[in-house]
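One structure below.
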Amino acid sequence: MNQVLGIINFEDATVDVTGLVNYRPVPSLTFMGRYRLIDFVMSNFTNSGISNVQVYVKNKPRSVYEHVGTGRHYNINSKQGKLRIMHGEEPIQSEIYNTDINAFNSNIQFIEEAKAKYVIIAPSYMVYTIDFSTVLASHKVNKADITIVYKPTEMAKESFIGCTALSLDKEKRVIASEINLGKNKSRNISLEAYVMSRELFLELIGLAHKTSSVYWLKDIIRDNYDRFVVKGFMVRGLVYPINNLAEYQRANLELTNYANAKQLFDPMWPIMTRTSDSPPTHYGENAVVVGSSISNGCKIEGTVINSVIGRGVVIKPGAVVINSILLPGVIVGNDSHLEYVIVDKNSKVLEVKELKGEFRQPIYVKRRDRI
Amino acid sequence: MRQNQMLGMILAGGRGTRLEELTTKVAKPAVFFGGKYRIIDFPLSNCANSGVNVVGVLTQYESVLLNSYVAQDQRWGLDAKDSGIFVLPPREKSDGFGMYRGTADAITQNIDFIDQYNPEYVLILSGDHIYKMDYSQMLAEHKAKKADVTIAVLEVTLKEASRFGIMNVDAEDRIYEFEEKPKQPKSNLASMGIYIFSWKLLRRALLDDLKEKDSAHDFGKNIIPGMLESGKRLFAWRFKGYWKDVGTIDSLWESNMDLLDESNTLDIMDPSWRIYTEDVAAPPQFIQEHASVKRSIINQGCVIDGTIINSVLFTNVVVEEGAVVKDAVIMPNSIIRKGAIVQRCIVAEDIEIRENAVVGDAHSELIELVAKNR
């Protein structure tokens, strides 16, 4: 896999995790209390043996720099491998020009200079595990120009909205695609992970740029299904698209059940992240915790049911947290009752004694807030 | 400012025989503690937090795991340009193979290592103790008193004092006498085995001691008494806080249980003095629908569907539905199957307790170590 350059792409406007993205870009979203979304694609890359990775960041890069660092915690070799964080080098006149193609273009020399024969491009907002070496092998066997990773789903009416749905022929060749607007139940959803030669990738960037200055990579691929051999590669396991707050909530809450979580957290395919050196979690005398995923460094003295509790969260006696997602550093005060709530980092819920959202319509409490 | 004015040297060669099977294949400093840590994480983190950036770790007994563990110095943040953790096991020399014959000899045999850094001071530590200490404060005191040696001491009860090396001091805390395990202790200041020496002086004393044929080459038995005799300035530095030598299964269990007490003075939750350790890629802990967890400490990667009371669970422990874990310490990767009852014991790592097995005795005086599948 040393002939592969891994590219972590950024997402377009169909991905909008309202609230959470006010403070950080999508790759930095906290997930399952201790991860950030980018950990999944980074771990997929390095577990697959890819150690040259470029991370394209759309905006607010600070948290990405801090979290990803040199990539050492993802097993990127500091001499043989390289992790680069890329952002647009030119000022952007309007957000419509903030496309992946324009970002690739402004960093084109680093793609041209890469020695890799292939590129594998994947976004950070799709949570799943995949061995990209098998995708590359299938790409070669199929003599494909482009291979697109996709997931067949029966949940396309409520999930994967705004994602690209592929139409495939019997040979799994992609013949058409459209945006999933939730009309049909069954869809083959593109996970926007692509394998192609670096040469073709450069050609597509040029082509896209010539066609329209607001084109995305997926647009130029869509325009060329008849010109290139574009094949689908199916994934079977769990896939969560984190493209809006409801999906963020669903993914986190479903994964509190270990029967689901163990499909994603395979000891042979570790999801790596930056350590925060938190101590283990302390459960108090009167703690009641069931059906939940708890991170390290917490102090739990109240009740937690079917919830995701981030690192270093404090739950005071009498507090009740149900079907909620508490990001790292949150404090829930005595006798506060939260149901279907997402509380952003380091916020304190002290005075408000009852907050109740719904499944798919959580209440969001902003970062560093005090309520 | 020039770094590395004080070099840390951790004596980590001890076997810890009384820890039974826990130390058959690993040295005592590598024994697990507190749901997440190994004992040596405490002195190493103390060094890192105190600004002692170069640390030599002197290993001898079953050192393969310990050596590879501490060599990953980024775990403690000691991987910067002028920092590092250096593993120093005995080595073959031109005049033969040199086992470490005593605590002082271990340092003597590594004078060349210390000289490379030419430090002003050397901090001698033990890799066997659980405590948090700011060595920079101790060094400040050492300098303020123009001491030749500063020894950290703990106030113990007079009854306990006969188990320790006891420092008898004057009103300025200057040590005038040292007694090893005295029957009738004159003071309650127990040596913690933590010394700051001015390096030039220690270097000379070590070389002199090397020539003594009947010396045990030990700090407590030879070096410290020798320095007292020759009128050097030795001072006691009083430490207040949690300190434990977890030398036995009972004391290891007990100090794990100490953590469950919220007012414990070790306070591993304190963000201002983090204890650093291995970074394992385990998921969060999953507390499932049949679980009940009370007054316990649980680490990442655990999957709990049973009842946990008054216990400490390390990384990746699985407790299945209907199983009960009470007053127990369960080390990494162990599995407690359905309906099993595990109480008042330490379960070693990678152990499987089969369905409905009953392990440990709620009324026993001594704590059982479970080191085989049951």
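Below, chain A is the first sequence line, B the second, and so on; all start at residue 1. Computed from a prediction, not measured in an experiment: that's the story for all the values here.
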Under the 3.5 angstrom rule, does the side chain of B:Ser311 hit a backbone N or O of B:Ile309 as a donor-acceptor pair? yes
Indicate whether any N or O donor in one side chain lies under 3.5 Å from an N or O acceptor in the other, for A:Arg24 and A:Ser63. no
Those residues of residues 245-252 of chain A that come under 4.5 Å of chain B on a heavy-atom basis, listed by number, are none
Neighbourhood of chain B inside residues 329-350 of chain A, taking heavy atoms under 4.5 Å as contact: none
Decide ring pair (Phe, Tyr, Trp, His ring centres under 6.0 Å) for A:Tyr128 and A:Tyr240; before the verdict, give the C-alpha distance in whole Å, the side-chain angles of both, and the deciding distance to 0.1 Å. CA-CA 7 Å; A:Tyr128 64 113; A:Tyr240 290 108; over 10 Å; no
What part of B:Val280 gets closer than 4.5 Å to chain A, counting heavy atoms only: side chain, backbone, both or neither? backbone
May I ask you to check whether B:Asp134 and B:Trp273 show a side-chain donor-acceptor distance below 3.5 Å? no
I'd like to know if the side chain of A:Ser293 reaches the main chain of A:Thr256, judged simply by a donor and an acceptor atom lying under 3.5 Å from each other, with no hydrogens or angles considered. no
Assert top hit (heavy-atom pairs under 4.5 Å, partner chain B, pool A:Ser292, A:Gly312, A:Pro280) equals A:Pro280
Heavy-atom proximity to chain A below 4.5 Å, by part of B:Asp79: side chain
Counting only heavy atoms closer than 4.5 Å, note whether B:Phe314 contacts chain A via side chain, backbone, both or neither. neither
Hey, are B:Lys244 and B:Glu254 close enough for a salt bridge, meaning a charged N less than 4.0 Å from a carboxylate O? yes
With a 4.5 angstrom heavy-atom cut-off, is it the side chain or the backbone of A:Ser43 that approaches chain B, or both, or neither? neither
Intermediate values then yes/no, ring pair (Phe, Tyr, Trp, His ring centres under 6.0 Å), B:Trp253 and B:Phe32: CA-CA 11 Å; B:Trp253 177 85; B:Phe32 292 109; over 10 Å; no
Against chain B, work out which of A:His73, A:Arg72, A:Lys299, A:Met272 has the most heavy-atom pairs shorter than 4.5 Å and name it. A:Arg72
Residues of residues 315-335 of chain B under 4.5 Å from chain A (heavy atom pairs)? none
Residues B:Asp267, B:Lys132: salt bridge by 4.0 Å N-O rule: no
Can a cation-pi geometry be assigned to B:Arg38 and B:Phe33, taking NZ or CZ under 6.0 Å from the six-membered ring centre and within 45° of the ring axis? no
Counting only non-hydrogen atoms closer than 4.5 Å, does B:Leu259 touch chain A with its backbone (N, CA, C, O), its side chain (CB onward), both, or neither? backbone
Out of A:Ala261, A:Cys298, A:Gly284, which one racks up the most heavy-atom pairs below 4.5 Å with chain B? A:Gly284
Name, in order of residue number, those residues of residues 281-304 of chain B that have a heavy atom at a distance of less than 4.5 Å from a heavy atom in chain A; otherwise write 'none'. B:Ala281, B:Ala282, B:Pro283, B:Pro284, B:Gln285, B:Phe286, B:Ile287, B:Gln288, B:Glu289, B:Ala291, B:Val293, B:Lys294, B:Arg295, B:Ser296, B:Ile297, B:Ile298, B:Asn299, B:Gln300, B:Val303
Aromatic plane relationship, A:Phe132 with A:Phe45 - under 30° parallel, 30 to 60° tilted, over 60° perpendicular: tilted
Taking side chain as C-beta onward, heavy atoms only, is B:Leu19 less than 4.5 Å from B:Lys28? yes
For a quick check under 3.5 Å, do A:Ser51 and A:Asn77 share a side-chain donor-acceptor pair by atom type? no
With chain B, the option among A:Ile309, A:Asn296, A:Thr275, A:Leu255 that has the most non-hydrogen atom pairs under 4.5 Å is A:Asn296
